[in-house]
Amino acid sequence: MWRMLAALALLVFSGSISMASPELTEAARKWVLDHEARIKPLEIEAGIAWWEANTTGKPEDFARKEAAQNRIDQALGDKDNFAKLKDLLARKAEIDDSDLRRCVELLYLQYLEKQADPQILKKMVAISNRVEKTFNTFRAKVDGKDMSENEVRSVLKNSNDSLRRKQVWEASKEVGKLLESDLRELIKLRNEAAKSLGFPSFHALQLHLNEQDGDNILKLFDELDKLTKGPFQKAKNQIDEALAKKCQIQVDDLRPWHYHDPFFQESPAIFPTDLDGPFR
């Protein structure tokens, strides 16, 4: 028996050796290094442009940010480079380096998204940039005065006046009216680009690019919901009671503006833990 196992092991080992191609491995390594040389400076430029645009809010900085992203999209959309990458992916079993094989797999996904019509990609970048600028530079206007995001959150965290909270919360949501048209157009373009690449929707494309299975993700979240529903409801009841008491209203009268976070993404700061203490 051990002779048969030894012979089988030798056969499998010999087969794996024969599949490896030093020439293809070297070609893949050269391609990845070339990619890094081309894309690294573009990503550094885009990162700096993003930072400047989002810290200054200036139109000229957002214009530089848009131009930088277009240069990245153009580089990743190169048909010749993508064709070489597809060939490397098709023969990845011959690449005798597991890290290098993984690089090829991930870079293929990165390039795939940019194989859509370049004009559609440019329109998507322009609209995304405009949406980001509008959202980040928007200021809620209350009583004729602009309020910063920090001021809005301060009211929602500290005020006991329900009418004041409602006024500020609703003013902060006015940004939706400014974004609606652009967001609708962006959704349309994203789905169009995804369909041109063989995917039913932008959502399906993004799942594929992130190597995720939509059905499994839904099952996971359904399971998480089932497991956490009880503890969440218990904590939510504590939060609601504290918020209602603070604003001197009934729990049933609580509305979105009674919570501290405008998007209900963070728990209201009603528990005794002081996270600000270490910073003070």
Side-chain angles (χ1 to χ4, degrees), residues 32-78 81-82 85 102-103 105-140 146-153 172-194 196-197 199 201-203 205-212 261-266 279:
V32 171
L33 290 174
D34 179 65
H35 161 83
E36 290 179 353
R38 287 184 293 106
I39 301 301
K40 183 177 179 178
L42 297 179
E43 290 192 341
I44 291 174
E45 178 188 14
I48 293 173
W50 180 92
W51 175 262
E52 291 178 346
N54 284 281
T55 52
T56 69
K58 294 179 180 179
E60 57 269 29
D61 289 333
F62 272 95
R64 281 195 291 272
K65 171 178 168 291
E66 179 179 336
Q69 184 59 53
N70 282 332
R71 282 190 282 274
I72 289 178
D73 287 358
Q74 183 179 11
L76 296 178
D78 184 273
N81 276 319
F82 185 62
L85 184 56
R102 186 60 177 149
C103 283
E105 292 170 350
L106 293 176
L107 287 172
Y108 172 79
L109 295 173
Q110 189 176 357
Y111 275 73
L112 174 61
E113 185 179 16
K114 305 305 180 182
Q115 300 309 303
D117 183 336
Q119 294 307 312
I120 291 181
L121 292 177
K122 284 186 177 181
K123 289 180 182 178
M124 287 165 54
V125 170
I127 296 176
S128 296
N129 195 54
R130 192 159 63 239
V131 166
E132 190 174 338
K133 179 179 181 298
T134 299
F135 188 85
N136 288 355
T137 59
F138 173 82
R139 295 293 179 265
D146 289 343
M147 296 184 69
S148 69
E149 178 71 11
N150 285 340
E151 288 172 327
V152 168
R153 289 178 178 269
S172 73
K173 298 302 178 182
E174 287 294 309
V175 68
K177 296 177 182 178
L178 304 178
L179 299 176
E180 180 181 3
S181 177
D182 277 340
L183 287 176
R184 288 181 181 276
E185 180 64 18
L186 183 58
I187 290 170
K188 178 182 175 182
L189 289 171
R190 283 177 169 178
N191 283 330
E192 183 179 346
S196 73
L197 298 176
F199 295 87
S201 66
F202 179 76
H203 177 69
L205 170 62
Q206 292 304 305
L207 287 173
H208 178 79
L209 295 179
N210 287 280
E211 300 178 303
Q212 296 173 332
D261 179 10
F263 306 100
F264 196 66
Q265 294 175 328
E266 299 175 6
F279 295 99

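None of these values were measured; they are calculated from a predicted model.
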#### Entry: Partners meeting side-chain hydrogen bond (donor to acceptor under 3.5 Å, both in side chains) with E60 (sequence neighbours left out)
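Partners of E60 by the side-chain hydrogen bond (donor to acceptor under 3.5 Å, both in side chains) criterion come out as none, since no residue qualifies.
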
### Task
With sequence neighbours left out, write down each residue that passes side-chain hydrogen bond (donor to acceptor under 3.5 Å, both in side chains) with Q212, or none if nothing qualifies.
none

Which atom of [X] lies closest to which atom of [Y], heavy atoms considered:
| X | Y | answer |
| --- | --- | --- |
| A46 | A68 | CA-CB, 3.7 Å |
| D261 | E266 | OD2-N, 3.0 Å |
| A63 | N129 | N-ND2, 4.4 Å |

### Query
Do S172 and E149 come within less than 4.5 Å of each other through their side chains, counting heavy atoms only?
no

### Task
Sequence neighbours left out, what passes salt bridge (charged side-chain N to carboxylate O under 4.0 Å, His left out) with E174? Give chain and number order.
K177

### Query
Tell me, which pairs form a salt bridge (Lys or Arg N to Asp or Glu O under 4.0 Å) where one or both residues lie in residues 124-137, sequence neighbours left out?
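Output for this query lists K65-E132, R130-D182.
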
### Query
What salt bridge (Lys or Arg N to Asp or Glu O under 4.0 Å) pairs are there with at least one residue in residues 43-54, not counting sequence neighbours?
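Residue pairs passing salt bridge (Lys or Arg N to Asp or Glu O under 4.0 Å), neighbours aside: E45-R71.
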
Report the distance from atom [atom1] of [X] to atom [atom2] of [Y], rounding to the nearest 0.5 Å.
| X | Y | atom1 | atom2 | result |
| --- | --- | --- | --- | --- |
| D78 | F82 | CG | CZ | 11.0 Å |
| N136 | N54 | CG | CG | 4.5 Å |
| S128 | E66 | OG | CD | 9.5 Å |
| C103 | L33 | SG | CG | 9.5 Å |
| K188 | I127 | NZ | CD1 | 10.0 Å |

According to side-chain contact (heavy atoms from CB on, under 4.5 Å), who are the partners of [X], at least two apart in sequence or on a separate chain?
| X | answer |
| --- | --- |
| S196 | A116 |
| F279 | none |
| E180 | R184 |
| L183 | V131, L179 |

### Query
Hey, does the side chain of N191 reach the backbone of F202 with a donor-acceptor pair shorter than 3.5 angstrom?
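Such a contact is found between N191 side chain and F202 backbone.
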
### Query
With no hydrogens and no angle check, is any side-chain donor or acceptor of K173 less than 3.5 Å from a backbone partner on P262?
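Checked: pair present.
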
### Polar contact flag, side-chain donor to acceptor under 3.5 angstrom, D73-Q69
yes

What pairs of donor and acceptor atoms, side-chain ones from residues 117-126 against any protein atom, are under 3.5 angstrom apart with sequence neighbours left out?
unit_1: D117; atom_1: OD1; unit_2: Q119; atom_2: N; d: 2.8

### Task
Could I get the full list of ring pair (Phe, Tyr, Trp, His ring centres under 6.0 Å) partners for F264, not counting sequence neighbours?
Y259

Using residues 106-113 as the side-chain source, report each donor-acceptor pair under 3.5 Å to any protein atom, sequence neighbours left out, with the distance given to one decimal.
unit_1: Y111; atom_1: OH; unit_2: H35; atom_2: ND1; d: 2.8
unit_1: Y111; atom_1: OH; unit_2: R38; atom_2: NH2; d: 2.9
unit_1: E113; atom_1: OE2; unit_2: Q206; atom_2: NE2; d: 3.1

